[in-house]
Amino acid sequence: MFLEFKKEAEQVLKDALKKASNYDDIDPILDLEVSNHADITSRIAFSLANRYKKPPTAIAEEIVTQIAIDMTHPTDTLIADVVAAGPYINFYTNEFFLHKTLQWIKAGMEITTTTPNKNREKVILEHTSANPDGPLHIGHLRNAIIGDVLVRVLTRAGYDVETQYYLNDMGRQIAVVVWGADRIAYDEAKKADHAVADVYIAANKLIEGNSEFLNDVEELMRRYEAGDAEIVQKYEVAVKKCLEGIQATFRLLNIPRVVFVWESEFVRSGAVREVIEELKQKGQIELDGSAVLLQLDGIEKRLVIQRSDGTSLYTTRDLAYHRWKSKNCNRVIDVLGKDHELVAQQLAKALELLDVKPPEFVIFAFVSLPSGSLSTRTGRYITADELIEKIEERAYNEVDKRRGDLTESKKREIARKVGIGALRYDIAKVSPDKHIVFDLDDALDIEKKGAPFIQYSHARACSILRAAEPQGYAVSTDYGYDYESDDSLLTERSEIELIKKLSMFSYIVEGISSDLKIHRLGKYARELAESFNLFYKDCPVLNAEADLRRVRIALVDCARIALRDVLALLGIEAPEEM
RNA sequence: GGACUCGUGGCUUAGCUAGGAUAAAGCACCGGCCUUCUAAGCCGGGAAUCGCGGGUUCGAAUCCCGCCGGGUCCGCCA
């Protein structure tokens, strides 16, 4: 609902600028921002001051006098007041805005987009895309969580999102696994992806420095690219085994519906060859022996698009993949580690040559351990599975400490929600360009004001509604607003602050769907929980006088919905008690 | 060496894209609040020359330049 308020403020300001004839020539950059001092504020007076050589305070004053809001009916506007505070023009919401916000929440919080026709546009979002040579580790976890939160936010904003996991099945790593699987048995007692990692690590040790084995591996790669049926079959067994484990981890993390796209498909379909031929015609080509290099605008590093032996490379295959993605949707989004940044730039430039709109990249900095960087090959990593198990155990201890009264299965269920929630929140709340040194003890310390804090607020809201029912207090949609007098029964500061915070939901979702900065969602979720906790402390609900009780119960219900939904966007489950 | 990126209280972070009203939180620390809807909560306190130096500006954590420190990349690997 805040978006609607902002839109109205924009319109009012534009009209005022038109009326203040001195300023009507400018293209209005309204400079409207959320502020501590008002519900929304405009700093436009500063830029006008520069242009017209007048003090900004005078300009702000002048503009405000031109503002006219028709208030013949209180429900014609969401604005209560506009005042000049020095150089700032401050806008304040009215009672009707609060009322509309609650109605809107109860009706499902539809996100009205600012740009038309965006609804149901198709997005293909690629995340994780880890090599299928072992389990996901905490580096992949960051990728997966950022990606999954984006998928949830974009879906909520009205996009039709497909999540893809690009499967690098043509790399050397997989050939090593396939080679190893012929000599070393999988440990069937282990989770599939962990068993694959064992084989991968052991095979690497055997191959290291042994040129005969190295040749074997290269032979495998050649035959796979050529589509040798026997080899393809072996590859499929190994890759699918690993994938089975990775998907199990995704399920634990609440990451649903991921479509696996096999890299090799683009080679066998001829798409890679087409890309290479087209680049040879359209691009600035250099030859190094029989290898083909492409010089890209603004990038010093030349991109090799074809090897001396004529076989394809990862980047060219990726180009074919991206061209295909682009043909099948309106927005292509890739979540990538920082190590792929140069490749991403080359990819974007090469796609431009092919007249394909480049993807939007979300690039995140590395996760390392206090002992150094992660490596699947050397076995130096903490797996996502291990982390999930430990954090759930820690969460169980916390639940057990507080709720000894619950049944074992109930405690386990809450521990699972709290544990995964804490993990996801910890990663989602940090800006992707911050390097993370992962400290296991720190991650397991779920006393902090993270996901459990937000979940707890939700549980409290549920608890009130649970207690209301047996007393015969139904949840109504009466928010205590009087259309005649424009009065509201919700007048406490904490009530109003809570409703205003609730109204920001769509603003945040809409914002993230364009700037893709998911850490803003974590901040909003925490602020929402804080607002609810303040309301909870200040305003008795069930013991309030009957009319007030009715509208406060309705407010609690709205808060419950918003907390549940914001947690859902973070991929965190909202327990009804904890 | 070159390119990119990060550097904000003891620790972890938000704010930086489009410069503006007292730099905002969490953890840790100190003190207070459970006969009322869950104390995984609430209130108060101390704690920051926003890495350093210059520049642009009426105004810089935010933009520009230089330096220092951490990270990533610079394969006919993926």
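Residue numbers start from 1 in every chain, and the chains themselves are labelled A, B, ... in the order their sequence lines are given, proteins ahead of strands. All figures in this text were calculated on a predicted structure; none of them were measured in a lab.
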Student: Base, sugar-phosphate alone, or nothing: which one does A:Cys539 contact when heavy atoms must sit under 4.0 Å apart?
Tutor: base
Student: Less than 4.0 Å between a side-chain N and a carboxylate O, is that true for A:Glu277 and A:Lys280?
Tutor: yes
Student: Could you work out, with side-chain hydrogen bond (donor to acceptor under 3.5 Å, both in side chains) as the rule, every residue matching A:Glu576, not counting sequence neighbours?
Tutor: none
Student: For A:Tyr396, what residues pass the ring pair (Phe, Tyr, Trp, His ring centres under 6.0 Å) criterion, not counting sequence neighbours?
Tutor: none
Student: Verify the neighbour count for atom CG of A:Asp405: are there more than 12 heavy atoms of other residues, nucleotides or ligands below 6.0 Å?
Tutor: yes
Student: Hey, is A:Glu10 close enough to A:Lys14 for a salt bridge, meaning N to O under 4.0 Å?
Tutor: no
Student: When you measure from every atom of RNA chain B, which of residues 541-562 of chain A have a heavy atom less than 4.0 Å away?
Tutor: A:Val541, A:Leu542, A:Asn543
Student: When the C1' atoms of B:rU13 and B:rC67 are compared, how many Å lie between them, rounded to an integer?
Tutor: 26 Å
Student: Using a heavy-atom cut-off of under 4.0 Å over every strand shown, decide if A:Thr41 touches base, sugar-phosphate, or nothing.
Tutor: base
Student: In whole angstroms, how far is the C1' atom of B:rG41 from the CG atom of A:Asp538?
Tutor: 13 Å
Student: Can you tell me the distance, in whole Å, between the CD1 atom of A:Ile572 and the P atom of B:rA40?
Tutor: 19 Å
Student: Show me the protein contacts with nucleotides 75-78 of chain B, counting only N or O atoms at under 3.5 Å.
Tutor:
residue : atom : partner  : partner atom : Å
B:rG75  : OP2  : A:Lys301 : NZ           : 3.2
B:rG75  : O5'  : A:Lys301 : NZ           : 2.9
B:rC76  : O2   : A:Ser308 : N            : 2.8
B:rC76  : O2   : A:Ser308 : OG           : 3.0
B:rC76  : N3   : A:Ser308 : OG           : 2.1
B:rC76  : N4   : A:Asp288 : O            : 3.0
B:rC76  : N4   : A:Ser308 : OG           : 3.3
B:rC77  : OP2  : A:Arg307 : NH1          : 2.2
B:rA78  : OP2  : A:Tyr314 : N            : 3.2
B:rA78  : O2'  : A:Asn131 : OD1          : 3.3

Student: Assess, by modelled atom type and distance only, whether the side chains of A:Tyr321 and A:Glu265 contain a donor and an acceptor separated by less than 3.5 Å.
Tutor: no
Student: Rounded to whole angstrom units, what separation is found between the CG atom of A:Asp442 and the P atom of B:rA28?
Tutor: 11 Å
Student: Please list every stem that involves RNA chain B, where a stem is a run of 3 or more consecutive Watson-Crick or G-U wobble pairs with both pairing distances under 3.5 Å.
Tutor: B:1-7 with B:68-74, B:10-13 with B:24-27, B:29-33 with B:41-45, B:51-55 with B:63-67
Student: Residues two or more places apart in sequence or in another chain: which of them pass side-chain hydrogen bond (donor to acceptor under 3.5 Å, both in side chains) with A:Glu286?
Tutor: A:Arg302
Student: State, yes or no, whether a side-chain contact exists between A:Val292 and A:Leu287 at a heavy-atom distance under 4.5 Å.
Tutor: yes
Student: Over all strands shown, is A:Val292 touching base, sugar-phosphate only, or nothing at heavy-atom distances under 4.0 angstrom?
Tutor: nothing
Student: Between B:rA3 and B:rA60, how far is it from one C1' atom to the other, in whole Å?
Tutor: 27 Å
Student: A:Asp442: which residues meet the side-chain contact (heavy atoms from CB on, under 4.5 Å) condition with it, sequence neighbours left out?
Tutor: A:Asp439, A:Lys448
Student: Considering only atom P, compute the distance from B:rC50 to B:rG10 and round it to an integer number of Å.
Tutor: 12 Å
Student: Compare all side-chain heavy atoms of A:His322 with those of A:Asp318 and state whether any distance is below 4.5 angstrom.
Tutor: yes
Student: Quick one: side-chain hydrogen bond (donor to acceptor under 3.5 Å, both in side chains) partners of A:Asn533, sequence neighbours excluded?
Tutor: A:Ser457, A:Arg460
Student: What is the distance from NE2 of A:His519 to P of B:rU17, rounded to the nearest Å?
Tutor: 13 Å
Student: Side chain of A:Asn90, base of B:rA21: donor and acceptor closer than 3.5 Å?
Tutor: yes
Student: Flag the pair A:Lys501 and A:Glu530 as a salt bridge only when some basic side-chain nitrogen lies within less than 4.0 angstrom of an acidic carboxylate oxygen.
Tutor: no
Student: Any side-chain N or O of A:Arg460 under 4.0 Å from OP1/OP2 of B:rA39?
Tutor: yes
Student: Can you find a side chain N or O atom of A:Lys537 that sits less than 4.0 Å from OP1 or OP2 on B:rC42?
Tutor: no
Student: Just call it for A:Arg520: base, sugar-phosphate, or nothing, with non-hydrogen atoms closer than 4.0 Å on any strand.
Tutor: nothing
Student: Counting side-chain heavy atoms from CB outward, which of B:rA40, B:rA21, B:rC42 is closest to A:Met578?
Tutor: B:rA40
Student: Would you check if A:His127 and A:Ile146 make a side-chain contact, meaning some heavy-atom pair closer than 4.5 Å?
Tutor: no
Student: Could you tell me how far B:rC64 sits from B:rC76 if I compare only their C1' atoms? Round to whole Å.
Tutor: 40 Å
Student: Would you indicate which nucleotide in B:rC37, B:rC42, B:rG71 comes nearest to any side-chain atom of A:Tyr536?
Tutor: B:rC37
Student: What is the distance, to the nearest angstrom, from the CD1 atom on A:Ile427 to the P atom on B:rU13?
Tutor: 13 Å
Student: With 3.5 Å as the limit, what N/O pairs link the protein to nucleotides 2-6 of chain B?
Tutor:
residue : atom : partner  : partner atom : Å
B:rC4   : O2'  : A:Glu341 : OE1          : 3.1
B:rC6   : O3'  : A:Lys434 : NZ           : 3.4

Student: Please collect all side-chain hydrogen bond (donor to acceptor under 3.5 Å, both in side chains) contacts where either partner lies in residues 539-550 of chain A, sequence neighbours excluded, each pair once.
Tutor: A:Tyr473-A:Arg549, A:Asp478-A:Arg550, A:Asp547-A:Arg550
Student: Holding to side-chain hydrogen bond (donor to acceptor under 3.5 Å, both in side chains), I want the full list of residues that pass it with A:Asn143, two or more places apart in sequence or in another chain.
Tutor: none
Student: Could you say whether A:Arg466 or A:Pro87 is positioned toward the 5' end of RNA chain B, judged by the nucleotide with the nearest heavy atom to each?
Tutor: A:Pro87
Student: May I have the distance from A:Phe361 (atom CZ) to B:rC73 (atom C1'), rounded to whole angstrom?
Tutor: 15 Å
Student: If you measure from the P atom in B:rA61 to the same atom in B:rU17, how many Å do you get, rounded?
Tutor: 13 Å
Student: Do nucleotides 57-62 of chain B as a string where each nucleotide becomes B, S or -: B if the base has a protein heavy atom under 4.0 Å, S if just the sugar-phosphate does, - if no protein is that close.
Tutor: -B----
Student: Quickly work out the A:Asn533 CG to B:rG41 P distance and round it to whole Å.
Tutor: 8 Å
Student: Grab the CD-C1' distance between A:Glu530 and B:rA24 for me, whole Å please.
Tutor: 11 Å
Student: Using 4.0 Å as the upper bound for N to carboxylate O, is an ion pair formed by A:Glu263 and A:Arg317?
Tutor: yes
Student: Syn or anti for B:rC67, please, going by whether the chi angle lies within 90° of 0.
Tutor: anti
Student: Is A:Lys429 positioned over the aromatic face of A:Tyr425, cation under 6.0 angstrom from the ring centre and no more than 45 degrees off axis?
Tutor: no
Student: Between A:Ala395 and A:Phe366, which is nearer to the 5' end of RNA chain B once each is assigned its nearest nucleotide?
Tutor: A:Ala395
Student: Would you call A:Arg412 and A:Glu393 a salt bridge, taking side-chain N to carboxylate O under 4.0 Å as the test?
Tutor: yes
Student: When we call it a touch if two heavy atoms are under 4.0 Å apart, what does A:Gln471 touch: a base, just sugar-phosphate, or nothing?
Tutor: nothing
Student: How far apart are the C-alpha atoms of A:Arg268 and A:Glu225, what are their side-chain angles, what is the distance that settles it, and do they pass the salt bridge (Lys or Arg N to Asp or Glu O under 4.0 Å) test?
Tutor: CA-CA 8 Å; A:Arg268 305 219 180 94; A:Glu225 179 154 353; over 6 Å; no
